[in-house]
Every structure is written in structure tokens, then in C-alpha cells.
Amino acid sequence: MIATDSLDRLFAEAAAQDAQPLWTMMDAMVPPHPQPKAVPHVWRYAAMRPLLERSGNLVATQDAERRVFMLVNPALKPPQTTDTLYAGLQLILPGEVARAHRHVAFALRFIIEGDAAYTAVGGERVTMRRGDLVLTPSWEYHDHGHEGDGPMVWLDGLDLPVYQFFPANFAQPYAEERFPSEPAPADSHLCYPWSDMEARLEAEDGPYAYAEYAHRVTGGAVSRVIGAAAERIARGGSSPTRRETAGIVYHVHRGRGSTTVGTERLDWEKGDTFCIPAWMPYRHEAAKDTYLFRYDDRPVLEAIGAYRREASAS
Ligand code: GTQ
């Protein structure tokens, strides 16, 4: 050993070998509890709606493969709405086509406004109505079109950030603008109408109800990465306080209220979208009869044995 050796000298020489000591940053590398980088945040529809409308005047679908505003977490970069989930607001106008492509990333759509637009997925054409959940499974060609009246806006939920981490995504355009399709059957595994979900939530007693979407074929979550659910909270009611290792994106389908996340309070109303970072305790309170749609990264966490949830009444 050199008599004049020191930690500074050791670290400098290790750095020259592209190596660093673990023991000075053990807590950051192996944290005692989840440390999401996302922060709680609300994207207000009243503010976003006019921006979408302007994007409709300024950008044609020929010039934008998808006319979408990404909802970017203030503490993160695109495409992160949470650490692992992406959310965007997509606009399609009557007569437009968002051309066919496919990608490994999974997408879901929750319809916010309008009806009679369609998504054609792998040969099935699904007509979309407010409140419906429509799935685009991994690697299926899909295009969106609108043959009705008025603008159509939906929330896109994708697992894109996962593919920033696992660089395993591929994307491909289709040779034609539209992938050939036939109208989807009423019980298509791609479409989950709001009326069915609302009936399930109404069938439960009490001021608060929670129901998961079950894939019509597998009976499990809507994808291997993303799961989805809806919640009903009666006016004056509240959810239990929960925390889970999943990150969550919420969308207010109907109603008004607030969610306490850690020490922060997020106020929201119909059309707003908000996010809950992993492991932060959260509790919703409704000022009006409320229905929330949500998606999360629970299935992928379960696959790697890392999903945990705690709930307490109140
Ligand atoms: O509609 O295919 O928000 O590929 C982001 C990427 C929507 C889509 C997004 C996409 C799509």
C-alpha cells in the first residue's frame, strides 16, 4: 500500500476506470423505501381544451402522425407522466385519419369528449363513445378516424417510459393510410363500454366503490404492463387512504373533488387528469357525485414481484 493513499485518490483513480464506490451512495442505490421521481400533479382540462383546439387549427393529421399533447410530469421529461406511465390528450377532427402504425408499446384510450370516431386495431374497427375504454395491444396495426361531427378528444395511456428503460420497443408504419378493418363485434376484447363499468360500480353498496377492468379474453389486467380500474365516490364521500408501489394516472370522468397525496392537495373536476407517484399515501374526497378512471403499472410490478399495497379506512 502507498503511504500517501487516500480515499480521494482512490475515488479519482476508480473514476478513471469508470468505477465508483457503492458505500458512499448505498441509500440512493438501494433505497429503504420507494423513491419515485414523479411529483403529484393535475392537468386541467379547462386549460388544455383551448390548446387542443388551436392545435387542430394549426396542425393537420397529415403533418402530425398523432396530434397529441403529452402530459409531462413537472419533475420529469417526455414521455413520463409518472416514472413509468405516459398520458397524452389526442384530438381528432371530423374527416381526419391518424394513419396506421404499430409499436411494441401498449396503448389504451379513455374517451373524454365526442363520439363516432373509431380506432381500427388489427382488422377490428371500434367506434368510440365518451367514457369507453379502448385497447391497442402490443404490435397490432392501428389507425384512428372520425366520421361523425365535432371534435373528439381522448386520453392516451401508454407504457412508453418503460421502453426508455428497457430499450425493446419497435415501431413500424403501415404501407397504407388505413389498415383494412371490419366493424368490431359488440363483445370485442378491444372495447369496454362505460355503461358496463358504471353498472358494476352502481351495483356496489356504500359511498365508495372500486372496480377493475378485466380483459375479456385473459380475464386478467388489460395488458401485461398496464392495469385499469374505475372508482365511484358519492358526494361527500371519500376513498380509503391507500398507498401502492404502482404509479397511477387518474382521469375525472364526472364530478368534482380533491385528492390528498402525501401533504399536498390536488383539486380536480370533470375532464382533469392527475397523477399519483409510487408509494405516496392518497385519498380522494368528492364534492359532487364522482366517477374516476385510472390506470397503473401494477401488472408489470406483479410480474417482477414488486407490487405492494396498504390501505386504511378513513
Ligand atoms: O395513437 O398510436 O399518445 O403511437 C402516443 C403514441 C398515441 C397512437 C400517443 C402513439 C399513439
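The first residue in the sequence is number 1, and the count goes up from there. Remember, it's 1-based here, ligands and their atoms both numbered in the order they're listed.
Connection of Met280 to Leu76 is not established within any shared hydrophobic cluster, with ILVMFWY side chains joined at heavy-atom distances below 4.5 Å, either directly or through further cluster members.
When non-hydrogen atoms are compared, ligand 1 lies under 4.0 Å from the side chain of Arg109 (C-beta onward) but not from its backbone.
Close approach of ligand 1 to His144 (heavy-atom distance below 4.0 Å) involves ligand atoms 1 (O), 8 (C). Residue contact check: Gln90 has heavy atoms under 4.0 Å from atoms 1 (O), 7 (C) of ligand 1. The ligand atoms of ligand 1 that sit less than 4.0 angstrom from a heavy atom of Val68 are 3 (O).
A salt bridge is defined here as a Lys NZ or Arg NE, NH1 or NH2 lying under 4.0 Å from an Asp or Glu carboxylate O, and Arg298 with Glu244 fails to meet this definition.
Within 6.0 Å of CZ in Arg216 there are more than 12 heavy atoms belonging to other residues, nucleotides or ligands. When the shell of 6.0 Å around CD of Glu202 is examined, it contains more than 12 heavy atoms from other residues, nucleotides or ligands.
Looking at atom 5 (C) of ligand 1, its nearest protein heavy atom turns out to be Tyr86 OH, 3.5 Å. The protein heavy atom nearest to atom 7 (C) of ligand 1 is Asp156 OD2, 3.3 Å. At the shortest separation from atom 6 (C) of ligand 1 among protein heavy atoms lies Leu158 CD2, 3.9 Å.
Less than 6.0 angstrom separates the ring centroid of Trp194 from the ring centroid of His253. Remark: aromatic rings of Tyr213 and His215 are distant, center separation not under 6.0 Å.
For the pair Arg99 and Tyr174, the cation does not sit on the ring face, since its NZ or CZ is not both under 6.0 Å from the ring centre and inside 45° of the axis.
By heavy-atom distance, the residue among Arg66, His142, His103 lying nearest atom 4 (O) of ligand 1 is His103.
Contact annotation: His101 has at least one heavy atom less than 4.0 Å from an atom of ligand 1.
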